[in-house]
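Single-structure report; data block below.
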Amino acid sequence: MNAESYKSWAKSYGPNVYELICMVIGTFRYEEQSYKSCNGILHLCKNNPKAFSDITAKICLESHIYTYTDFKKMLTKLINEKKTNRSETLPEHKNIRGKSHYE
């Protein structure tokens, strides 16, 4: 793998992921040193929804954070926030009986 292959792989996850990978590659003195970080970030993107990955990449770019570790922390935080924001109540539906039905 080389820088161009990581960039083309990143394009499949969104423009922000692509931009993040470009920045990661640019932060190291020798681009070969960045390949491990790029590989880690892209594998996290592979195992999570593309929308979450792209949003996380945007947050990293805005914060000028270009490391695998910080990307992973932010992605995990974003996914956990979405899980806790789910509604815990049942939706209103005419076939759902309430407690008054059993009294």
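Given the structure is predicted, the values throughout are model-derived calculations rather than measurements.
Residue Asn16 holds its CG atom at 4.0 Å from CG of Asp54, rounded to the nearest 0.5 Å. Remark: Tyr66 OH to Ile25 CD1 distance equals 13.5 Å, nearest 0.5 Å. Note that CD1 of Ile59 and CG of Leu75 are 9.5 Å apart. Values are rounded to the nearest 0.5 Å. Between the OH atom in Tyr18 and the OG atom in Ser8 there is a gap of 9.0 Å [rounded to 0.5 Å]. Separating the CD1 atom in Ile79 from the OG1 atom in Thr56 is a distance of 7.0 Å, to the nearest 0.5 Å. In this structure, the separation between CE on Met1 and SG on Cys38 is 8.5 Å, given to the nearest 0.5 Å.
A donor-acceptor contact shorter than 3.5 Å links the side chain of Asn48 to the backbone of Leu44. Between the side chain of Asn80 and the backbone N or O of Thr76, at least one donor-acceptor pair lies under 3.5 Å. Between the side chain of Ser53 and the backbone N or O of Pro49, at least one donor-acceptor pair lies under 3.5 Å. A distance-only check finds no donor-acceptor pair linking the side chain of Lys58 to the backbone of Pro15 [under 3.5 Å]. Of the possible donor and acceptor atoms, one in the side chain of Tyr35 sits under 3.5 Å from a partner among the backbone N and O of Ala3.
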For the pair Val17 and Leu42, evaluate side chain to side chain contact (heavy atoms under 4.5 Å, CB included) and give the outcome as yes or no after the intermediate values. CA-CA 8 Å; Val17 175; Leu42 292 171; 4.0 Å; yes

Carefully, step by step, assess His43 and Asn39 under the rule side chain to side chain donor-acceptor pair (under 3.5 Å). CA-CA 6 Å; His43 272 91; Asn39 197 29; 3.1 Å; yes

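A pairwise comparison of heavy atoms in Ile41 and Ile21 identifies CG2-CD1, 4.0 Å as the closest pair.
Residues Ser37 and Phe28 meet the side-chain proximity criterion, which asks for heavy atoms closer than 4.5 Å.
Between Trp9 and Tyr13, the ring planes lie tilted relative to each other; the angle falls in the 30° to 60° range.
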